Amino acid sequence: MIPVIIPFFGSEDQLNKCKQHLSEQTIAVDIFVRDNNKENVYFTAAINEGIANYLDSDCNYMIILNQDMYLKPNAVEEMIKFMDNHTECGIAMPLQLSCNNPVTVICAGGTQAFP
């Protein structure tokens with residue numbers, strides 16, 4: 001099972017859609033949502049809280065998503081394949097496509113993680 005950390009702020013509809021897409025993945029995921037609506041600890045602190053939640057679990061990867069990221073059903077599987085085949089890569093991300101124009105890539109890439 002792959003942990004997924006989602007810092008949540010503002011849009012319940014976006015979060016629900018994100019979680020629905022995660023439930024359709026070809027590889028099982030465990031979703032940690034940090035609700036920032038009442039006490040906004042900001043994005044990085046919310047991610048750190050999610051990471052701390054999984055420190056004692058046996059997982060090779062963690063996925064961090066914005067609440068408005070909707071993954072195709074094989075996205076987690078493809079990310080795992082990529083990471084397994086590129087062991088020099090410490091941080092990777094899928095292509096982020098525009099919801100208004102799906103042929104427009106908003107963000108893409110990966111990089112090595114350094115201490």
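Nothing here was measured: the structure is a model prediction, and the numbers come from that model. Keep in mind that the numbers below use all heavy atoms, side chains included, and drop hydrogens, waters and symmetry copies.
- In this structure, E49 contributes its side chain and T44 its backbone to no donor-acceptor pair below 3.5 Å.
- Considering CD1 of I47 and CG of L65, their distance stands at 10.0 Å, rounded to 0.5 Å.
- H21 and Q25 get closest at one heavy-atom pair: O-NE2, 3.3 Å.
- C59 approaches M62 most closely through the heavy-atom pair SG-CE, 4.0 Å.
- Within the 4.5 Å cutoff, the side chain of F9 has heavy atoms near those of the N37 side chain.
- Separating the CD1 atom in I2 from the CD1 atom in I80 is a distance of 3.5 Å, to the nearest 0.5 Å.
- For the atom pair N53 CG and F32 CZ, the distance stands at 5.0 Å (nearest 0.5 Å).
- A donor-acceptor pair under 3.5 Å is formed between the side chain of Y54 and the backbone N or O of D30.
- Hydrophobic cluster membership is shared by L15 and L71, with clusters built from Ile, Leu, Val, Met, Phe, Trp and Tyr side chains linked at under 4.5 angstrom.
- Looking at K81 and E78, their side chains come closer than 4.5 Å, going by heavy atoms from C-beta outward.
- For the pair T26 and V76, the minimum side-chain heavy-atom distance is 4.5 Å or more.
- Shown here for N36 and A46, the closest heavy-atom pair between the two residues is ND2-CB, 3.7 Å.
- Of all the heavy atoms in I31 and K19, the pair that sits closest is CD1-CG, 4.2 Å.
- Expressed to the nearest 0.5 Å, how far CG of D56 lies from CG of D58 amounts to 11.0 Å.
- In the hydrophobic cluster analysis, where Ile, Leu, Val, Met, Phe, Trp and Tyr join through side-chain heavy atoms closer than 4.5 angstrom, V4 is grouped together with M69.
- Of the possible polar contacts, none joining the N66 side chain to the D68 backbone as a donor-acceptor pair under 3.5 Å is found.
- Grouping the Ile, Leu, Val, Met, Phe, Trp and Tyr side chains by contacts below 4.5 angstrom, directly or via other members, places I64 apart from Y61.
- Residues M79 and I63 approach most closely at CE-CD1, 4.0 Å, considering heavy atoms.
- Closest approach of P7 to Q67, counting heavy atoms only: O-OE1, 4.0 Å.
- A distance of 9.0 Å separates CD of E88 from CE of M83, quoted to the nearest 0.5 Å.
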side-chain contact (heavy atoms from CB on, under 4.5 Å) between E39 and R34: does it pass, once the steps are laid out?
-> CA-CA 10 Å; E39 176 195 21; R34 180 18 160 122; 3.4 Å; yes
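- Counting non-hydrogen atoms of neighbouring residues, nucleotides and ligands closer than 6.0 angstrom, the CZ atom of F43 exceeds 12 such neighbours.
- Atoms CG and CZ, on N16 and F8 in that order, are 7.5 Å from each other to the nearest 0.5 Å.
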